[in-house]
There are 2 protein chains.
Amino acid sequence: MTVVSQDLSTTSYALLGLLALDGTSSSLTGYELKQRADRTLRFYWVSPAMSQVYTELDRLARSGLVSATAEQTGRRTSQRYQITGTGIEVLQSWLNSSAADFPILKHPTALRLLMGALVAPDRLRRLLQDYLDQLAERRTDLASVRTMLGDEESLRYPAMVADWGLGYYDSEAGIVRELMERLPGY
Amino acid sequence: MTVVSQDLSTTSYALLGLLALDGTSSSLTGYELKQRADRTLRFYWVSPAMSQVYTELDRLARSGLVSATAEQTGRRTSQRYQITGTGIEVLQSWLNSSAADFPILKHPTALRLLMGALVAPDRLRRLLQDYLDQLAERRTDLASVRTMLGDEESLRYPAMVADWGLGYYDSEAGIVRELMERLPGY
DNA sequence: TGTAGCATGTAAGCCGTTACATGATTGA
DNA sequence: TCAATCATGTAACGGCTTACATGCTACA
């Protein structure tokens, strides 16, 4: 018996993947999962809103890809989730079967630069400098993630992805610095 | 009298920006605008679906940011759009006022690599190779755009953005080749 | 003359966000 | 004991896509 594609959104697979990194032994609450997403997923995907994390977990649970165990805290019940065997199979079949789409980039700074002729060069310099600052901040965050991952064999792939991100940020910074020199009135 | 923010979506501003590149003299149909978007916008934003181009143009026209002139072709009427003075002002105020958000990247290949432990290393090699192929194709497309832009002063900023994209693709290719060497069993 | 491609839209629906409601916990 | 923070959800809505409907044009 093979489990076939369940036709989830990529974000669902991403969340399922985060649960898979934790394995079948440990369980996470929606809140904790959101924290993982904020820490890792946001660098190369999108960290979904808290509300969506809860909705997706509920859907995954209904499909049997994760199992939920209820916890009572005072008057309120909450859920802890962990990936099931079926969940892992579905994830593997997604990883093996589907061709990965080309990345989608939404780059507000590049978009603004495109219309550079409409504004003063000073404004463009400022725009690019702001982007460099944002890049530096992101890079710091990602570097700390990378440090935490260390060189443990079990974290090999997350570490590779983090290195990818660091390389990307460094490349962006280099490109932007070159572009700044090409601004008129430099 | 100053025109203040009209609270458009970024995609609206992007389309308005494409019309601005054409200036107040020439006019475009929805179909032609979509072609421009496919050719340039898609590299660092998203080229909206045909249907959305029409809807956005209609909205922009209703706000007075573009002007529409009807054309009769047989039994069917169609519209040609050009940016208005107000449209340019709104675009400039957007460029000058708002802080650009950090780019959003949705990178299916990186996402899959994160879960690399769940699949065979061969599959990962294949995944990364596919991405390299996609990159090469994209790069070719963008390079031809860059060539068309030449070094005319009036196309300075579009050319800078195109160079940005080329640098990005080259950097990605380099990073991915390094990552492939780190795959187990290389 | 009929079919493939060019062109213009409308309708339905998905994915994901922000806003809102509510409860538990901690510490000033 | 009150405010801030942690935590769990539901509701409303927006942006964008795919599917669909329709007409025009060129040419085999």
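Computed from a predicted structure; not experimentally measured.
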| Do Q79(A) and T69(A) touch side chain to side chain, with heavy atoms closer than 4.5 Å? | no
| Less than 4.5 Å apart, any side-chain heavy atom of L149(B) and any of P158(B)? | yes
| query | Any salt bridge between D151(A) and R156(A), counting N to O under 4.0 Å? | reply | no
| Salt bridge present between D141(A) and R39(A) (N-O < 4.0 angstrom) | no
| said: Nearest whole Å is fine: how far is dA7(C) P from D38(B) CG? | reply: 13 Å
| request: For residues A14(B) and L111(A), report the shortest heavy-atom separation together with the two atoms involved. | output: CB-CD1, 3.8 Å
| field | Heavy-atom closest pair, residues G185(B) and R125(B) | value | O-NH2, 3.9 Å
| query | Are M148(B) and L155(B) grouped together when hydrophobic residues (ILVMFWY) are joined by side-chain heavy atoms under 4.5 angstrom apart? | reply | no
| field | Residues in salt bridge (charged side-chain N to carboxylate O under 4.0 Å, His left out) contact with D130(B), at least two apart in sequence or another chain | value | R126(B)
Grab the N/O contacts between the protein and nucleotides 2-6 of chain C below 3.5 Å, and write none if there aren't any.
none

| request: Please lay out, stage by stage, how N96(B) and Q92(B) fare under the test side chain to side chain donor-acceptor pair (under 3.5 Å). | output: CA-CA 6 Å; N96(B) 281 306; Q92(B) 283 173 327; over 6 Å; no
| Intra- and inter-strand pairs of DNA chain C in dot-bracket (Watson-Crick or G-U wobble, both distances under 3.5 Å; | for another strand) | ||||||||||||||||||||||||||||
Every protein N/O lying under 3.5 Å from an N/O of nucleotides 23-26 of chain C:
from	atom 1	to	atom 2	distance (Å)
dG23(C)	O4'	R76(A)	NH2	3.4
dA24(C)	OP1	R75(A)	N	2.6

Expected rows: protein N/O vs nucleotides 13-17 of chain C N/O, under 3.5 Å:
from	atom 1	to	atom 2	distance (Å)
dG16(C)	OP1	T11(A)	OG1	2.7
dG16(C)	OP2	Q52(A)	NE2	2.9
dG16(C)	O5'	Q52(A)	NE2	3.4
dT17(C)	OP2	A49(A)	N	2.8
dT17(C)	OP2	Q52(A)	OE1	3.2

| request: For DNA chain D, note the earliest and the latest nucleotide, 5' to 3', having some atom under 4.0 Å of a heavy atom belonging to chain A. | output: dC6(D) to dT10(D)
| Which value, rounded to the nearest 0.5 Å, describes the distance between R177(A) atom CZ and Q129(A) atom CD? | 9.0 Å
| message | Which label fits W94(A) and Y13(A): parallel for a plane angle under 30°, tilted from 30 to 60°, or perpendicular past 60°? | response | parallel
| Taking the six-membered ring for Trp, are Y131(B) and W164(A) parallel (under 30°), tilted (30 to 60°) or perpendicular (over 60°)? | tilted
| task | Answer with yes or no after comparing the ring centroid distance for H107(A) and Y168(B) against a 6.0 Å cut-off, counting only values under it. | result | no
| message | Main chain of T29(A), side chain of E32(A): is a donor-acceptor contact present, judged purely on distance under 3.5 Å? | response | yes
| note | From the list S51(B), S47(B), P48(B), side chain to side chain contact (heavy atoms under 4.5 Å, CB included) partner of K34(B) resolves to S47(B)
